[in-house]
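Here is the structure we will look at, set down as C-alpha cells.
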There are 2 protein chains.
Amino acid sequence: MNSEEIAKLAEVSRSTVSRVVNDYDNVPEKTRIKVQRIIDKFGYTPNASARTLAGKANDIIGLFIADIDITESSDQWLGANSPYNAELIAKVIRSCKKRGYTVLVNTISSIEEIPKMETFFRNRLLYGGIFIGFPYKMKAIADMAEKDFNISFVDQFTEEDDLFHKVKTVNNDNITGGYMATKHLIDLGHEKIAHFTGDNRLSSIEREKGYKKALIEAGIDVDPSLILKGEYREEIAYKKAKNLLKKKDVTAIFSGNDIMALGIIKAANDLGMSIPNDLSIVGFDHLKYTNWTNLGLTTVEIPIDDVSEKGVDQLFNGKTSDHRLSKPQLIEKKSTIKNKK
Amino acid sequence: MNSEEIAKLAEVSRSTVSRVVNDYDNVPEKTRIKVQRIIDKFGYTPNASARTLAGKANDIIGLFIADIDITESSDQWLGANSPYNAELIAKVIRSCKKRGYTVLVNTISSIEEIPKMETFFRNRLLYGGIFIGFPYKMKAIADMAEKDFNISFVDQFTEEDDLFHKVKTVNNDNITGGYMATKHLIDLGHEKIAHFTGDNRLSSIEREKGYKKALIEAGIDVDPSLILKGEYREEIAYKKAKNLLKKKDVTAIFSGNDIMALGIIKAANDLGMSIPNDLSIVGFDHLKYTNWTNLGLTTVEIPIDDVSEKGVDQLFNGKTSDHRLSKPQLIEKKSTIKNKK
DNA sequence: CTGAAAGCGCTTACAG
DNA sequence: CTGAAAGCGCTTACAG
C-alpha cells in the first residue's frame, strides 16, 4: 500500500495524500477527512526511506554514548553497560516514545567514529541526536558541534566555551552537587575530607570545583594529597582508598560517583573500619541499583529522567541554541555521621 | 558527495560505483581499486535512505522489548529499565556493533503496537529484529512470526509450537535451570522447598517445570500451596513471602528471578530470619547488580552475552529457521546451606 | 485548493 | 565487463 493507491481510492492526487499525511493546512476539511479515512482503513504508513530521501527526517533520535576507549572508564562498566547509562538509555527511550520517536543507540568506542556519525545527520536518517559522556573539550565533539546539526549535548559545554551559544545543551549543576556533598560533611563537623574525582569529563571537573568551593568557604585548606583520581571506577577507587586510609587520617570522603563509593566502602571494610562510625562517605548519582546494597549510601541525586526529558525536548525546539539545567539533590541516608574526633 | 560525483571522478558510471560499494564480483580488480580510492579519499558513504528505497536493507537491527502493560511486570523495573533488559540492550548493541550494525530500541507497551512494527520490516528500515520478553503464545507475536521477516525470537517458541520450525529462535534452557536450582536445594537436604514463579512468559513456565521435575525425581510431592505467583516482581514476592514464611514451614525457596529473591530476603529479614541459616534461597539470572548486595545470592546464571550474540548472529544466517540454545549455570554463593531440620 | 512533474540518491535488470 | 535507464515511494516547488 503506497501513496498512489491511497490517492486512487480517495480520488485525489498523490500530492494531496502527502499534504494530508503531513498535516499541511492547504487542504479543505472535507478532502482531509476523505483521504484520512482511506489511510486509516488500510493502515497506510508512508515509507520512511522515501520520505527521508525526499527531504523529511525520520522519526528517529540518535543516542551517542561514549564508550571505554575514550573515557578510560572501567572495563566492567563501559558504555551502555554502565548502570548510569543503562538508566539513561531507558529514560531517553521513554521520552522519545512519548513523542512517537524511536531511539537508535550508538556506542562510540574510538575517536575516529565520531566524524562518521555526521552522515546520520546529513542524510536525515535522524531527526536529532543526544551526545553524552564524552571528554571535556574534545576536538571531535567540537567539530560536530559546529556543524549545525540538531544535537543536544549533555554535560559537554559550559558558558565559558566558545561554542556554548551555538549549541543545545543540558547540564547537571555538578558544581552545586559537589558543593552540597562536601558542605554536608562539613556541617557534620568533618574537616579532613578527601575527594575521589572521576575522569576527563566535565562532570568530574565540576564536582571537584564544588568540593573546593565548599572547603574554601568553610575556611578549610584544600589539601591536594586528599584529592585522588578514581576515574569513576570501582577498582581504582578501592585501591587508592586502601592506600589513603592507611596513611592519612581522613574522617570523611566525597566520592565523585556511587560506583567509586562502593569501592571505597569495600576498602574501608577491609581495613576494619565501619561506615559511618569510622568514616563518613557521600556518593554521587543516586543509582537505583545502589538501593540493593543494605548500606544506605548518602549521595547526590542526578535526576536522570529530567536530563533525558530535557535533552529530547530541546531537539524539538526550533532555536539552534537552547540551554537547560538539571538540579542535583542531596539524598541523606546512613553513610554519614557527626565527626567525633 | 553522492555516487554521481564519485563516478565522475573515477571516470566510470554510477552503476560501477554501486557495484564497488556493494562488493559485487563482476568488477575487475583494477577498476575496483580505482573507484575505491576515490571513495576513500572523499569519505563517501552511500545515502542509507536511497539504498533502502532501491531495495537494500539498512544496517540497523531492531530490538523489540516487551514493556509493562503486556507482561504485568513491575512498574519499577519495566521494559528497558529492568536490570535484565538493561544488560541485554548493552550486549545486543555490542554484538551488532561488531558487525557494523546499530540498534534501534523499541519498547512495546501495548499489544496494538506490535502489528505496527511490521512496517519496519516491510520497508526494510531494519535488516532484522530481535523480540524479547513477550508473553507465551501471544497472538500478535504469532502473527508477526508468520510473516517471514528476519526476526530472532528469544524465549518465545518451543519445539511444541506449530510455528517453531518456521522461525529463528534463541532459548535459554530454563527447564534445566529450574531443575538445577531445585536439585541444588534437594542435595542440601531440603524437602520443603517453595517456588516463586514469574509471569506469563515462557521462561517462568519452564523454570517451574524444572522445579517440579527435580522434586518428582527426588520423590518429593509437589505441594501446590508452595508455588506462588511472584510476577517476577520484588514487591509482590516480598508480600507473598512474608505471608508464606509466617504460615508454612519451608526451609528453602527457589525464586524465579533475582529480583524476587531480593524481596523474599527482605521479607525473611523482617520476620527475624537470617539467610542462609533459617532459610536457603536460590535466585535466577545472576544479575550483575546483585553483586552489590553483600549477601552473596546463589543463583542460576543466564549468559546474557551468549543469548544476545546468538540472537544477532542468527539474523545473518540465511536459513529461515534457525535454533540456538543457551545453557544456564548454577552459581553457588552464600545464600544456601545444609538443611538442619 | 490541487495536480503533473521533477527530484531525492541509490540499485538492478537489461542490452551490448 | 559496463553504462543508460527505469524504478523505489515519497515531497515540493510550480502552474493553474
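The figures that follow rest on heavy atoms only: side chains count, while hydrogens, waters and symmetry mates do not.
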Next item on the list: Map every base of DNA chain D to its dot-bracket character, where paired means a Watson-Crick or G-U wobble contact with both distances under 3.5 Å and | marks a partner outside the strand.
Entry: |||.||||||||.|||
Margin query: Can you tell me which residue among Lys91(A), Lys97(A), Arg99(A) is in a salt bridge (charged side-chain N to carboxylate O under 4.0 Å, His left out) with Glu309(A)?
Written below: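 That would be Arg99(A).
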Salt-bridged, [X] to [Y], with N to O below 4.0 Å?
X         : Y         : result
Asp306(A) : Lys310(A) : yes
Arg32(B)  : Glu29(B)  : yes
Lys139(A) : Asp143(A) : yes
Glu113(A) : Lys116(A) : no

N/O-N/O pairs, protein side and nucleotides 12-16 of chain D side, under 3.5 Å:
from: dT12(D); atom 1: OP2; to: Tyr24(A); atom 2: OH; distance (Å): 2.4
from: dT12(D); atom 1: O4; to: Ser15(A); atom 2: OG; distance (Å): 3.3
from: dA13(D); atom 1: N6; to: Arg19(A); atom 2: NH2; distance (Å): 3.4

Margin query: Check this one for me: any side-chain N or O of Ser3(B) less than 4.0 Å away from OP1 or OP2 of dG9(C)?
Written below: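 No, because none of the side-chain N or O atoms of Ser3(B) sits under 4.0 Å from OP1 or OP2 of dG9(C).
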What is the distance, rounded to the nearest whole Å, between atom [atom1] of [X] and atom [atom2] of [N]?
X        : N       : atom1 : atom2 : result
Glu11(A) : dG3(C)  : CD    : P     : 11 Å
Asn26(A) : dT11(D) : CG    : P     : 13 Å
Met1(B)  : dC10(C) : CE    : P     : 10 Å
Glu4(A)  : dG9(D)  : CD    : C1'   : 9 Å
Asn2(A)  : dG9(D)  : CG    : P     : 6 Å
Ile6(A)  : dG9(D)  : CD1   : P     : 13 Å
Glu5(B)  : dC8(C)  : CD    : P     : 11 Å

Notebook entry, point to check: Can a donor-acceptor pair be found between the side chains of Lys137(A) and Asn200(A) at a distance below 3.5 Å?
Noted result: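 No, no side-chain donor-acceptor pair sits under 3.5 Å.
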Note to self: Assess, by modelled atom type and distance only, whether the side chains of Asn22(B) and Arg51(B) contain a donor and an acceptor separated by less than 3.5 Å.
What the structure shows: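 Judged by distance alone, the side chains do pair up.
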Note to self: Let me spell it out: for each of Val27(B) and Arg124(B), pick the nucleotide of DNA chain D with the closest heavy atom. Which residue's pick is nearer the 5' end?
What the structure shows: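 Its nearest nucleotide lies further toward 5', so the answer is Val27(B).
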Next item on the list: Can you label the angle between the His323(A) ring and the Phe164(A) ring as parallel, tilted or perpendicular, going by 30° and 60°?
Entry: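 Ring orientation, 0 to 90° scale: parallel.
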Notebook entry, point to check: Is there a residue in residues 29-46 of chain B whose heavy atoms reach under 4.0 Å of DNA chain C, and which residues are they?
Noted result: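 Tyr44(B), Pro46(B) - these, ordered by number, are the residues of the stretch whose heavy atoms sit under 4.0 Å from the strand.
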Next item on the list: Using a cut-off of 6.0 Å, state whether more than 12 heavy atoms not belonging to Glu11(A) lie near its atom CD.
Entry: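 Check fails, neighbour count at 12 or below.
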Margin query: Does Lys8(A) have more than 12 heavy atoms from other residues, nucleotides or ligands lying within 6.0 Å of its NZ?
Written below: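 Atom NZ in Lys8(A) is not packed in, count stays at 12 or less.
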Next item on the list: Determine, using ring centers only, whether Phe64(B) and Phe131(B) are less than 6.0 Å apart.
Entry: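 Centroid distance Phe131(B)-Phe64(B): below 6.0 Å, so yes.
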Notebook entry, point to check: Counting any heavy atom closer than 4.0 Å, what does Asn47(A) reach on the DNA or RNA strands: base, sugar-phosphate only, or nothing?
Noted result: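 The answer is sugar-phosphate, as Asn47(A) gets under 4.0 Å only of primed atoms, P, OP1 or OP2.
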Next item on the list: Kindly point out which of dG3(C), dC10(D), dC8(C) is positioned nearest to the side chain of Leu53(A)?
Entry: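 Side chain of Leu53(A) sits closest to dC8(C).
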